[in-house]
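Proteins come first, then strands; the chains are lettered A, B, ... in the order of their sequence lines, and each starts at number 1.
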Amino acid sequence: MGQQLTLDSFMVESRRKKRRTSRRTGKLKIAKKDLDLGIVEAKNTGPCYLLSVVYDGKKRKALVKLYDPQTHNIIFWHDNTGHLPYFLTDLPPDKVQEIDKIVNHPSFDHVEVVEKYDLLKDTKVHMTKIVMKEPRSVGTVREYVPKAWEAHIKYFNNYIYDMRLIPGMLYKIENGILKEVKVEIPKEIAKHVEKLFDVEDYEFKELVKEWLPLFQLPPPKLKRLALDIEVYTATRNRIPDPREAEEKIISVSLVGSDGLKRVLLLHRKDIEFGHKPLEYPENVEIEIFDSERQLIAEVFTVINSYPILLTFNGDNFDLPYLYYRAKRLGFNEKHIPIIIAEEGARLKKGIHIDLYRFFNNKAIQVYAFGGRYKEFTLDAIASALLGYSKVVIEAVASDLMLSELASYNFRDAQLTLNLTTFNDDLVMKLIILLMRISRLSMDELTRHAVSHWIKNMLYWIHRKNNYLIPLAEDIMAEKGEAVTEAVIKGKKYAGAIVVKPPAGVYFNVVVMDFASLYPSIIKKWNLSYETVNCSHSDCRSNVIPETKHWVCRRRKGITALITGLLRDFRVKIYKKAAKNKALGESERAWYDIVQQAMKVFINASYGVFGASTFPLYCPPAAESVTAIGRYAIKSTISKAQEIGLKVLYGDTDSLFLHNPPEDKIKELERWVEEELGLEIEVDKVYRYVAFSGRKKNYIGIYPDGSVDVKGLVGKKRNTPEFVKKAFYSVLEALGKVKSHEEFEKVKNLIREIVKESYNKLRNRELTLDELAFKVFLSKNVEEYVKTVPQHVRAAKMLKEVGFDVRKGDVIMFVKVRSKYGVKPVQLAKISEIDVNKYVENIESTFEQLLDALNIEFKEIMGISKLEAFF
DNA sequence: GCGGACTGCTTACCT
DNA sequence: ACAGGTAAGCAGTCCGCG
C-alpha cells in the first residue's frame, strides 16, 4: 500500500515509507487478494441491470455481466441453456453432411432444418442450420458452403438476439436461471400512451407495449472509476508506444463516483515533490511508491473493485500501456485485469468505457450534444460541456515536480469522470437508453457508430420475428442501384433542393419547417429495403415520384414500422413529457434524455440506407426518401405561391416566408397534411433576415435581438480570431436594428471596425494566435498525395522539427511572405506576416455581410478595395 | 517562363 | 464508415503568348 499523504502533510522526502521490494530479481509476492477479481456468480439474485454479454473462451459459453444496484457489483452468469454458435445455408442438410471439411471439423456439432421468412422474396424458406461448438469456427466453416447467411454476426450478439435480451434492462437469476424482470407500467401511463397513439393496427399496438418499458424503466445509478496515467517521456512531443511500454508509469490518478480521489506517484530520485501549486487538488490521497510494480498492482486492485472503468483514450493508450508495462515488469497474465482485444481494451470483470471513442461518435456529437464540441480532445470536450478543463502546465509531464504532476494528472481523471456526471449523470443515462434501443452491450455501444447501432437493432427484430437476415449482395441484386443523378460529382443519387435566396434584408420572416421530414416520409410511404421495388406485380403502380421505383402495398416495411414507432413515441409522448410542468424535474429530465436518444436513431434512419458500408444498404430506398422530400417541398412552395405567400428561401425541409398572414399559414399547414400526409409547422420567426444571396448563407435576427448566423465565413472555425471578433461586433450591432433606416449606423460601424483591423494589422498589434488559421487535419500528413493544402504544409514543417502531428489534430498556421506562404504559429514571427493576405481575408469575410446589406466596399470605405490603402 | 482559365481537392458548413 | 448540397480557397494543370 502506498503511503497516504493528505494535503497538509506532504513532507514527502522525510515521511516516505521505504518499500523495499525484491528489485534485484524483479519478482514480487502478490498477495492472495490480488488474484481475486471479486467476481460473484450467484444462484439467486435480486433485479440486476444487464450490461454486457461476452464469450467466455475457457468455459465455451456466453457470459452475461449484470450490475447489481444493491451492492454496485458485477455479477456473472454463464449460459446454461446449451446455446451454441451457428449459421445458415440454403444447401440441403444431406448435401452439407457430404462436406467432410464441415462434418469432420472438431468444432462441428450438428445440422438441422429451420424455417425462416425471407423478406426479399416475401415467402417462407427452409434453411439448413449448421451448428458449431465454438464461435471462431463459424468464420472458417462458412467458407465451405456456397452461400452462408448470418455467419458474420458476432456470437455474443447472436446470443442476445436468440435469448431476446435487452441490454440496459432488468434481469434476475432464479435458481440459476436468467429471467427477465417485468417492468410495471403505471396504469395511467399505459392508458395515456394508448390514447395518444390511438392505433387500430394490432401489430403496432403490440410494438408500443413492447417498447414502452425501455423508456419507462429508471436507469441504474452506476458506480464507476475514472483512470488516467502519465508516462515518462524522454523527448518532447513524442507519444510513448503502449505495445513497447518502454518507459516508466510515473503517475496514476483514480477518481471514483463514490468520492474516491487518489493519485499514485512513482518516486524518482531526481524529481522533488516541490511546492503545492495553485491547482493542487484538495482532499486527495497522494501516495508515493518506490516500486512501479507495486504501484501498478495497487491500480489493478482498485480497477477490480469497480464495476465500470472510465478512461479517455484508454483503448489505445492507458490500458494497453498498463497491460504491456505490467508484462514487461514480470506480472503474470492472470494478475492483470485487462484484456487487449482488437476492438479495444476490455476488462476481465467489469466494463471499460473509453469516452474518447464515445464522444468521437458523430451521432453523439451532432444529435446528442448539438455540435457543442468540435474537436475530440479531453480539453475541448470538457471545456464545451463542463465549462472547465485541463491544468495548464509549462513543461512536459515528466519534467514536472511531483506536486504539479499530481495536480495535472488528477484533473484529467476528474474531467473524465465528470464527463459522465454532469447534468445528473446525463451521459450514463443516455448510454443505458441507447443500449436498450440498439440491443448492444455497454462496451459495444460505446465503441461503435450509429450505423452499427441501427444494424444491431434491426437484426434483433429480424431474429425475433424469425425473418432471415438478408445478405447485402441479395439486396443489391434484387433492388439495384440508384436511378437519379447527384448534383455533386461522385455521389450516388440526388439529394435535397435548395432555393436560391435574393440578396437583401427582409423584415418579418416566418420560417416553416416539415417536422422530421425524412423519418416521416419513411413512415408515411412505407419505405424499407424490402418494400421498395418489392416482388409483387400489383404494387408496381404505387410509384415513388421523380423515380421509377415503386413501393409495397401488401406488407409493412420493417424500417417504416420502427422509424415510425420511434418517431411517434418521440413526438407524441416524450417531447411533450419533457416539457410537462406537472411532472417532477428529474422525471422531465429523464424524458428529455429519452427523446434525445430516439432522435439519434430517427435522424440516422435515412442515411444508413445510402451508406454502402451498411449491411442493409439499399440505394433505391435512400433515393426514394430524398425524391419524396424534393416532391414535398416543391409542391408546397407551389401551393404557397398559389395562395399568395412570398417564398424567399428554402433548404431541404424549410420555407422562409415574407410577411405571411396567419390564415395563409394555417391554410398551408392544412394543405400539407391533407395532400402530402406530412406535418409542416412554424419553426421560428425573425424580426428580419439578411440574405447574402448565396445558398446556406444568411443572418436571422429574432425579435429579442439575438442572432442566428448560418454559413457565413465569419463564423467558421478556421477564420482567424481577430477577423471573427470584428465580424461578431458587427453582428451585435445588427441585433439592435429595428428598421431599414437604422442600417446607416451599422454601415458606420463596419467602416470603423474594418479600418481598426487594418491599422492593427499594419502596426503588427496582433498576436500570432489571433492571426492563426485553425484547420483540422483529417488524414495523416503522408496521406495527402493529390495536393498539399496549406495546413498540411504547416503540419509538415512542425513534423520536421520533431512535433508529434497526426490526424485529428488542429493545425494553427499564419500566412507569411515566404516561399510556401505559410508557417505554423509555433515557428512563425509576427514580423513575417503577409499583411495583404489578411486584408483580403477581412474583405471577403465582410463581403458576405455587405452583400446582404446591399452595399459595396467602395461605398462604405470610399475606395473600391481595401488594398488601396497600401 | 509567366499568368489567366479551368478543374479538382480539401475543409467547413447547412439540412 | 448515416446522407447529399453549397461556398470558399488553394493546388495543380493546360494553354496561349511570336
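Look at A:Ser451 and you'll find a side-chain N or O under 4.0 angstrom from OP1 or OP2 of C:dC2. Neither OP1 nor OP2 of C:dA7 sits under 4.0 Å from any side-chain N or O of A:Arg694. OP1 or OP2 of C:dT6 has at least one side-chain nitrogen or oxygen of A:Lys695 nearer than 4.0 Å. Using a 4.0 Å cut-off, no side-chain N or O of A:Gln790 falls inside it from OP1 or OP2 of B:dT10. Taking only side-chain nitrogens and oxygens, A:Lys491 comes nearer than 4.0 Å to OP1 or OP2 of C:dG4. Applying the 4.0 Å criterion to OP1 and OP2 of B:dC14, one finds that A:Lys715 has a side-chain N or O inside that range. Considering only side-chain N and O atoms, A:Thr787 lies nowhere under 4.0 angstrom from the phosphate OP1 or OP2 of B:dG8. Checking the phosphate oxygens (OP1, OP2) of C:dA1, no side-chain nitrogen or oxygen of A:His452 falls inside 4.0 Å. In this structure, A:Tyr784 does not reach the C:dC10 phosphate: none of its side-chain N or O atoms is under 4.0 Å from OP1 or OP2. At B:dT15, one or more side-chain N or O atoms of A:Lys710 fall inside 4.0 Å of OP1 or OP2 (strictly under the cut-off). The side chain of A:Thr652 places no N or O atom within less than 4.0 Å of a non-bridging phosphate oxygen (OP1 or OP2) of B:dC14. For C:dC10, one of the phosphate oxygens OP1 or OP2 lies less than 4.0 angstrom from a side-chain nitrogen or oxygen of A:Lys815. In this model, the phosphate group of B:dC14 is not approached by any side-chain N or O of A:Tyr649 to a distance below 4.0 Å at OP1 or OP2. An OP1 or OP2 oxygen of B:dT10 is reached within less than 4.0 angstrom by a side-chain nitrogen or oxygen of A:Lys779.
Map A:Tyr606 and A:Asn841 each onto its nearest nucleotide of DNA chain C; the residue landing nearer the 5' end is A:Tyr606. Both A:Lys489 and A:Phe776 lie near DNA chain B, and the one whose nearest nucleotide falls closer to the 5' end is A:Lys489.
There is a side-chain donor-acceptor pair under 3.5 Å between A:Ser441 and A:Asp443. Side-chain contact of A:Asn157 with A:Tyr161: a donor-acceptor pair under 3.5 Å is absent, judged by distance alone. Defined by atom type and a distance below 3.5 Å, a donor-acceptor pair is present between the side-chain atoms of A:Arg567 and A:Ser520. At a cut-off of 3.5 Å, with distance as the only test, no side-chain donor of A:Ser654 or A:Asp513 sits close to an acceptor on the other residue. No side-chain donor-acceptor contact under 3.5 Å links A:Asp653 and A:Tyr518.
Side-chain atoms of A:Lys362 lie closest to C:dA3 of the nucleotides B:dA12, C:dG4, C:dA3. Set against B:dT11, C:dG5, C:dC2, the side chain of A:Ala494 has C:dG5 as its closest nucleotide. In this structure, the nucleotide among B:dT11, B:dC14, C:dC2 sitting nearest to the side chain of A:His791 is B:dT11. Side-chain proximity of A:Ala611 to the nucleotides C:dC2, B:dT15, B:dC13 is greatest for C:dC2. Closest approach to the A:Thr613 side chain among C:dT6, B:dA12, C:dA1 is made by C:dA1 (side chain taken as heavy atoms from C-beta onward).
A cation-pi arrangement is not found for A:Lys455 relative to A:Phe614, the charged atom failing to lie both closer than 6.0 Å to the ring centre and inside a 45° cone about the ring normal.
Among the heavy atoms of the strands, none lies under 4.0 Å from A:Ser605. Counting non-hydrogen atoms under 4.0 angstrom, A:Phe614 reaches nothing in the nucleic acid. Backbone-only engagement by A:Val709 is indicated by non-hydrogen atom pairs under 4.0 Å involving sugar-phosphate atoms exclusively. Residue A:Lys716 is classed as a base contact, given a heavy-atom separation below 4.0 Å to a base. Residue contacts shown for A:Val788 are limited to sugar-phosphate atoms, with no base heavy atom under 4.0 Å away. As judged by a 4.0 angstrom heavy-atom cut-off over every strand, A:Gly607 is placed among the base-contacting residues. Among the protein residues, A:Ser778 comes within range of the sugar-phosphate backbone only, with heavy atoms under 4.0 Å from sugar or phosphate atoms but none that close to a base. Using a 4.0 Å heavy-atom criterion, one finds that A:Tyr367 contacts the bases of the nucleic acid, with or without backbone contacts as well. Nucleic acid contact class of A:Ala622 (heavy atoms, under 4.0 Å, all strands): none.
In this structure, CZ of A:Phe773 is placed 15 Å from P of C:dA8, rounded to the nearest angstrom. Between the CD atom of A:Glu375 and the P atom of B:dT11 there is a distance of 14 Å, given to the nearest Å. Residue A:Ile497 contributes atom CD1, which lies 16 Å from atom C1' of B:dC14 at whole-angstrom precision. Protein atom CZ of A:Arg372 is 19 Å distant from nucleotide atom C1' of B:dC13, rounded to whole Å. Rounded to whole Å, atom P of C:dG4 lies 12 Å from atom CZ of A:Arg630. Here C:dA3 presents its P atom at 12 Å from CD1 of A:Ile488, a figure rounded to the nearest Å. The distance from atom CD1 of A:Ile628 to atom P of C:dG4 is 17 Å, rounded to the nearest whole Å. Regarding A:Phe656, its CZ atom lies at a distance of 6 Å from the P atom of B:dT15, rounded to whole Å.
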Stepwise side chain to side chain contact (heavy atoms under 4.5 Å, CB included) test for A:Ile544 and A:Ile628: CA-CA 7 Å; A:Ile544 288 162; A:Ile628 296 164; 3.8 Å; yes
Worked check of side chain to side chain contact (heavy atoms under 4.5 Å, CB included) between A:Tyr606 and A:Thr626: CA-CA 9 Å; A:Tyr606 140 72; A:Thr626 57; 3.3 Å; yes
